[in-house]
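Accompanying notes for the structure given below.
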Amino acid sequence: MSHPKDAFARLLPPKLPAPVEAQAHAPSNIALSKYWGKRDHRLNLPLNSSLSISLHQLGSHTRISPSQQDEARLNGTLLPPESAFYAKIFGFVERFRRGQNLPLSISTTNTIPTAAGLASSASGFAALTRALTRSFALNLPDSALSELARYGSGSACRSLWHGFVRWQRGENPDGSDSIAMPLTTRWPEFRLAILAINTSAKAVSSREGMGHTAATSPLFAQWPATAQADCDAIQRAVEAKDFPRLGALAEANALAMHATMQAARPALTYLTPQSWQALADVQALRSQGTEVYATMDAGPNVKLLFEEASLPEISRAFPDATIIAPFAPVPD
Ligand code: PMV
């Protein structure tokens, strides 16, 4: 069977120039309507569109320099070549180099805990993609960077921009239209809070988790259509700045995703009793009149969605939360 050309063959020149020193930052992102399941594993194509909000300064900073040999650092520590993280980074770099002998030194600093369902892979691959294209002097539009980053991790294609971003499912068999794009809506009062319940690395990666859910969960058949409808409805709520509608849809979407995992065989459980307690606290606050909603990814941490006016109540109920203002100016 012949495969369609992947994005690297399509978008990059056959021969790369010698690399130069380069760096890039990318924000992490949290999906308000989730990506959980692929229609093509080789090209990393999703079953449904998804929509996220970027986490402002929380994310990844990547610096690349030409080197005598490949080496990678994470938060200042040299990674052993046999580590899983090194393999992830250079597996992706190799897609760029396609066998060309261009050794690189890559250093990534995360301002968000790595691999705890706080989307460090999204910002990590987005920053790496941007830094690689700068290092190899490739003049590509952000839409092309989004397509390339998607191969590192699906959610990375949404981390090239700040604010609200939609990853369009796309239709083309080669994945060329499965890319993200920013929404134009700016919502300065929009706030997120991260309740860091457990920031150690998760036992089951998103890739494994969504594969297992799709293969074994009897509830999974319902998911892609629900998630697609939620994505469209959340976009409309963003555009209308209808916060209660946006929050209710995002919370319902996250719970539906976790329900598909819970029904997998064996069950896949990322949420802990502390996550459920936080959800109960959110519901209690809501019943007292505070417009706050929650979302959770492939990890136990809970992210709150609210508007600036509710900050006093949120800070009182969750004094340890990290508060994020996604539309605050971004320093250079
Ligand atoms: O991009 P991945 O492979 O890390 O998967 C992301 C999965 C979720 O975070 C649970 C949902 C999403 O859309 O970000």
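Just the heavy atoms: all of them, side chains too, but no hydrogens, waters or symmetry mates, feed the values below. In each ligand, atom 1 is the first atom listed, and ligand 1 is the first ligand listed. None of these values were measured; they are calculated from a predicted model.
- Ligand-side atoms of ligand 1 in range of Ala298: 10 (C), range being under 4.0 angstrom from any heavy atom.
- By the criterion of side-chain heavy atoms lying less than 4.5 angstrom apart, applied directly or through intervening Ile, Leu, Val, Met, Phe, Trp or Tyr residues, Leu47 is not grouped with Leu219; the two fall into different hydrophobic clusters.
- Per-residue contacts place Ser206 under 4.0 angstrom from the following atoms of ligand 1 (heavy atoms of the residue considered): 2 (P), 3 (O), 4 (O), 5 (O).
- The shortest side-chain heavy-atom distance between Phe96 and Thr133 falls under the 4.5 Å cut-off.
- At a heavy-atom distance under 4.0 Å, atoms from both the backbone and the side chain of Ser155 approach ligand 1.
- Interface of Asp297 with ligand 1, defined as ligand atoms under 4.0 Å from a residue heavy atom, comprises 8 (C), 9 (O), 10 (C), 11 (C).
- Atoms of ligand 1 found under 4.0 Å from any heavy atom of Gly154, numbered from 1 in the order shown, are 1 (O).
- Legend: residues meeting ring pair (Phe, Tyr, Trp, His ring centres under 6.0 Å) with Trp36, ordered by chain and number and at least two apart, are absent.
- With Leu132 as the fixed residue, the side chain to side chain contact (heavy atoms under 4.5 Å, CB included) test singles out one of Leu104, Leu145, Leu138: Leu104.
- Salt bridge annotation for Arg73-Glu71: present, with a cationic side-chain nitrogen under 4.0 angstrom from a carboxylate oxygen.
- Salt bridge annotation for Arg286-Glu313: absent, with no cationic side-chain nitrogen under 4.0 angstrom from a carboxylate oxygen.
- Within the 4.0 Å heavy-atom shell around ligand 1 one does not find Ser50.
- The N/O atoms of Lys34, backbone and side chain alike, include none that comes under 3.5 Å of an N/O atom in ligand 1.
- Ligand 1 places these atoms under 4.0 Å from at least one heavy atom of Ala31: 12 (C), 13 (O), 14 (O).
- Heavy-atom proximity to Met210, at under 4.0 Å, picks out these atoms of ligand 1: 3 (O), 5 (O).
- A salt bridge is defined here as a Lys NZ or Arg NE, NH1 or NH2 lying under 4.0 Å from an Asp or Glu carboxylate O, and Lys5 with Asp174 fails to meet this definition.
- In this structure, Arg236 does not pair ionically with Asp242, as no charged nitrogen and carboxylate oxygen lie closer than 4.0 Å.
- By the 3.5 Å distance cut-off applied to N or O atoms, Ser153 is counted among the residues near ligand 1.
- Ligand 1 has no atom lying under 4.0 Å from any heavy atom of Ala122.
- In summary, Lys241 and Glu189 do not engage in a salt bridge, as defined by a charged side-chain N under 4.0 Å from a carboxylate O.
- Near Ser121, meaning under 4.0 Å from any of its heavy atoms, are these atoms of ligand 1: 4 (O).
- For Asn29, no nitrogen or oxygen atom sits less than 3.5 Å from a nitrogen or oxygen atom of ligand 1, counting backbone and side chain alike.
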